[in-house]
*Asks:* 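This is the structure I have questions about; it appears just below.
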Amino acid sequence: QVQLVESGGGLVQAGGSLSLSCAASGVTFSTHSMAWFRQASGKEREFVAAISYNGDITFYLNSVKGRFTVSRDNAKSSVYLRMNSLNPEDTAVYYCAASYHKYGSRSADDYHYWGQGTQVIVSS
C-alpha cells in the first residue's frame, strides 16, 4: 500500500519561511517523479513544484519561483519543499504527489499517488 505523508505545515507570518516534508512508503521512490500541489479554500488545486526521479530537473509555478525550492532524498524516500518569503496568497493545503513518469509534470492528472495534505497559513 502506497502512502505519502506530509508534515511541516503551520501558521507563519508574511515574509517568513516553512519547510514541508513528504515521506513515501510502499513505492519504489527513486523511480518516481514527485511534486507539490496546493489548494486554497474555494479554489482549484494548482501545481507548485516538481522534481524528476533523480533530482536533476525541477520546475515551479511562476509565482513561487525564486522563493520555493523542491528537493528530494531518495535514500530517505522523501521529498521536501522549502518555502521562503511567504505571503498570504500562499495559504493553502499543500499536497505531495508521486508519478510513474520520471521527469514530472504540471498536470495533476499525471500523478498516481497523493498524500492527505498539510495546511499552511500565512498571516499578514
Side-chain angles (χ1 to χ4, degrees):
Q1 181 182 356
V2 178
Q3 278 195 310
L4 301 178
V5 180
E6 301 96 337
S7 61
L11 174 64
V12 65
Q13 288 189 330
S17 299
L18 276 177
S19 289
L20 306 183
S21 299
C22 172
S25 60
V27 65
T28 306
F29 184 78
S30 61
T31 64
H32 286 65
S33 62
M34 300 294 297
W36 290 94
F37 287 76
R38 67 186 182 188
Q39 187 166 18
S41 180
K43 295 188 177 181
E44 293 188 353
R45 189 172 298 191
E46 69 174 350
F47 168 81
V48 175
I51 186 165
S52 61
Y53 73 106
N54 59 1
D56 283 356
I57 298 171
T58 59
F59 46 98
Y60 299 89
L61 176 69
N62 281 345
S63 63
V64 309
K65 203 175 295 184
R67 299 189 298 122
F68 290 12
T69 302
V70 61
S71 60
R72 65 188 295 158
D73 184 340
N74 285 351
K76 295 183 178 179
S77 295
S78 293
V79 63
Y80 310 98
L81 186 68
R82 174 66 178 176
M83 305 184 293
N84 295 327
S85 302
L86 285 161
N87 59 62
E89 290 70 38
D90 297 315
T91 294
V93 177
Y94 283 71
Y95 299 89
C96 74
S99 172
Y100 302 151
H101 306 303
K102 290 186 180 299
Y103 296 102
S105 166
R106 296 176 184 270
S107 172
D109 291 341
D110 291 331
Y111 290 86
H112 305 92
Y113 305 111
W114 291 83
Q116 293 300 305
T118 186
Q119 177 75 58
V120 171
I121 300 173
V122 184
S123 63
S124 56

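Computed from a predicted structure; not experimentally measured.
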*Asks:* Going by the disulfide bond (SG atoms under 2.5 Å apart) test, which pairs reach into residues 3-112, not counting sequence neighbours?
*Replies:*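 Qualifying pairs: Cys22-Cys96.
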*Asks:* Residues in side chain to side chain contact (heavy atoms under 4.5 Å, CB included) with Ser17, at least two apart?
*Replies:*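 With sequence neighbours excluded, Ser17 shows a side chain to side chain contact (heavy atoms under 4.5 Å, CB included) to Arg82, Asn84, given in chain and number order.
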*Asks:* Quick one: list whatever passes salt bridge (Lys or Arg N to Asp or Glu O under 4.0 Å) with Glu46, sequence neighbours left out.
*Replies:*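 Glu46 satisfies salt bridge (Lys or Arg N to Asp or Glu O under 4.0 Å) with Arg38 only.
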*Asks:* Using side chain to side chain donor-acceptor pair (under 3.5 Å) as the criterion, list what pairs up with Tyr60, not counting sequence neighbours.
*Replies:*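 Side chain to side chain donor-acceptor pair (under 3.5 Å) list for Tyr60, sorted by chain: empty.
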*Asks:* Please identify each residue that fulfils side chain to side chain contact (heavy atoms under 4.5 Å, CB included) with Ser41, with sequence neighbours left out.
*Replies:*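 Result, side chain to side chain contact (heavy atoms under 4.5 Å, CB included) vs Ser41: none returned.
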*Asks:* Quick one: side chain to side chain donor-acceptor pair (under 3.5 Å) partners of Ser52, sequence neighbours excluded?
*Replies:*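 Side chain to side chain donor-acceptor pair (under 3.5 Å) check on Ser52 returns Asn54.
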*Asks:* With a 4.5 Å heavy-atom cut-off, do Glu6 and Leu20 have their side chains touching?
*Replies:*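 No; the side chains remain at least 4.5 Å from each other.
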*Asks:* Quick check: is Leu81 connected to Leu11 through a chain of hydrophobic side chains (ILVMFWY, heavy atoms under 4.5 Å apart)?
*Replies:*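 No.
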*Asks:* When the side chains of residues 116-124 are checked against the rest of the protein, which donor-acceptor pairs come out under 3.5 Å, sequence neighbours left out?
*Replies:*
from   : atom 1 : to    : atom 2 : distance (Å)
Thr118 : OG1    : Gly9  : N      : 3.2
Gln119 : NE2    : Ala92 : O      : 3.3

*Asks:* To the nearest 0.5 Å, what is the distance between OH (Tyr113) and CG (Leu4)?
*Replies:*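 Going from the OH atom of Tyr113 to the CG atom of Leu4 covers 9.5 Å.
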*Asks:* Could you name each residue pair satisfying salt bridge (Lys or Arg N to Asp or Glu O under 4.0 Å) that touches residues 48-75, not counting sequence neighbours?
*Replies:*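 Those involving residues 48-75 are Arg67-Asp90.
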*Asks:* Kindly state each residue pair satisfying salt bridge (Lys or Arg N to Asp or Glu O under 4.0 Å) with at least one member in residues 104-124, sequence neighbours excluded.
*Replies:*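 Residue pairs with at least one partner in residues 104-124: there are none.
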*Asks:* Run through the side-chain heavy atoms of Ile, Leu, Val, Met, Phe, Trp and Tyr, join any pair under 4.5 Å, and report what else lands in Tyr80's cluster.
*Replies:*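 Taking Ile, Leu, Val, Met, Phe, Trp and Tyr as members, Tyr80 stands alone, with no cluster partners.
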*Asks:* Nearest 0.5 angstrom please: Ser19 OG to Phe68 CZ, how far?
*Replies:*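 The distance works out to 10.5 Å.
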*Asks:* Sequence neighbours excluded and cut-off under 3.5 Å, please list the side-chain donor-acceptor pairs for residues 24-35, or say none.
*Replies:*
from  : atom 1 : to     : atom 2 : distance (Å)
Thr31 : OG1    : Thr28  : O      : 2.9
His32 : ND1    : Thr28  : O      : 2.9
Ser33 : OG     : His101 : O      : 2.5
Ser33 : OG     : Gly104 : N      : 3.3

*Asks:* Does any part of the side chain of Trp36, heavy atoms only, come nearer than 4.5 Å to the side chain of Tyr95, both counted from C-beta?
*Replies:*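 No, every pair of side-chain atoms sits at 4.5 Å or beyond.
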*Asks:* Taking only residues two or more places apart in sequence, or in another chain, which ones meet Phe37 in a ring pair (Phe, Tyr, Trp, His ring centres under 6.0 Å)?
*Replies:*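 Checked Phe37 against ring pair (Phe, Tyr, Trp, His ring centres under 6.0 Å); matches are Phe47, Tyr111, Trp114.
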